[in-house]
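Values in this document were obtained by computation on a predicted structure and should not be read as measured data.
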Amino acid sequence: MKKFIATTLAVLMLFSVMVFTAAAEDEIVARMWFCSEISKKTGIGHTFLYFQNLTDHPIKVGRYEVAPYEDVSVGTFGTEGPRGGGLYYNNEQDLTHYRSLLGVSEELTAGELQSVTDKIKNYSHWDVFKNCYYFASMGWNAGADNDIPFLLIPGFARLIMQIRGAQKNFVDLFSQNDPVYKQSELPG
C-alpha cells in the first residue's frame with residue numbers, strides 16, 4: 001500500500017510540474033507587430049518587427065531585455081544602420097524620415113516568443129536578398145499563426161499587410177527614447 005501511495009504521489013507531482021510548465025508557455029506575454037514604413041528620402045520601404053511586453057516582468061526579445069509594459073523595435077539595415085549593416089534594436093525610432101507606419105499584430109505566448117527570440121538571436125545579416133523584409137518575415141513566421149511570405153521587395157509586404165487590415169500609426173515610434181543597440185553589442 002505504501003508503494004502504491006508513493007507511486008501515485010510521484011505521478012501527481014510529475015503531472016503538476018508538466019501542467020504548470022505548459023500553462024506558463026501558454027501565457028500571453030507579448031504583442032508582436034509586423035511593421036512597414038515608407039521613407040520620405042528614398043521612397044523605399046522598410047519592414048521590421050515591433051514588440052510590446054504585456055507582462056509585469058521583463059521579457060527577452062532576441063538579445064534585448066524589454067522592461068515590463070515597455071517595447072522594442074527590431075530590424076536589419078544596410079546603409080541606414082548607424083554602425084554599419086546588421087540587426088538593430090530601437091533603430092526605427094531614430095529614423096525621422098519615415099512617413100506612414102503600418103502594422104499587423106499577433107499576441108504571443110511565452111513559447112511562441114521563445115521561438116521568435118531564437119531566430120532573432122542568431123541573425124545579424126543584411127544584403128539585397130536577405131534584407132529587412134526577409135528578416136521581419138522570418139521572425140514573424142517563427143511565432144505567428146498567419147505567415148507572411150517573403151517576396152524580396154518591402155513594398156510587397158505592405159500590400160499583404162493592407163489586405164490583412166493593417167493598422168496605421170498604432171504607436172508613435174518617435175516619442176520613444178530608448179538607446180539603439182546593434183545585435184553584436186549585446187551578450188548572446
State yes or no: are the ring centers of Phe129 and Tyr134 separated by less than 6.0 Å? no

Would you please indicate if the ring centroids of Phe77 and His46 are separated by under 6.0 Å? yes

Any donor-acceptor pair under 3.5 Å linking the side chain of Thr47 with the backbone of Cys132? yes

Is a side-chain N or O of Trp140 found less than 3.5 angstrom from the main chain of Asn146, in a donor-acceptor match? yes

Taking Glu107 first and then Arg31, would you say they form a salt bridge - that is, a charged N and a carboxylate O separated by under 4.0 Å? yes

Look at the side chain of Tyr123 and the backbone N and O of Thr76, then say whether any donor-acceptor pair between them is shorter than 3.5 Å. no

Passes side chain to side chain donor-acceptor pair (under 3.5 Å), Tyr89 versus Gln183? Steps please. CA-CA 7 Å; Tyr89 298 90; Gln183 174 95 299; 2.6 Å; yes

Treating Glu37 as the side-chain partner and Leu101 as the backbone partner, does any N or O pair qualify as donor plus acceptor under 3.5 Å? yes

State whether the side chain of Asn53 and the backbone N or O of Ala67 hold a donor-acceptor pair below 3.5 Å, judged by distance alone. yes

Donor-acceptor pair, Asn90 side chain versus Tyr181 backbone, under 3.5 Å? no

Taking Lys182 for the side chain and Arg83 for the main chain, is one N or O donor matched with an acceptor at less than 3.5 Å? yes

Do side-chain atoms of Asn141 reach the backbone of Pro149 as a donor and acceptor pair under 3.5 angstrom? no

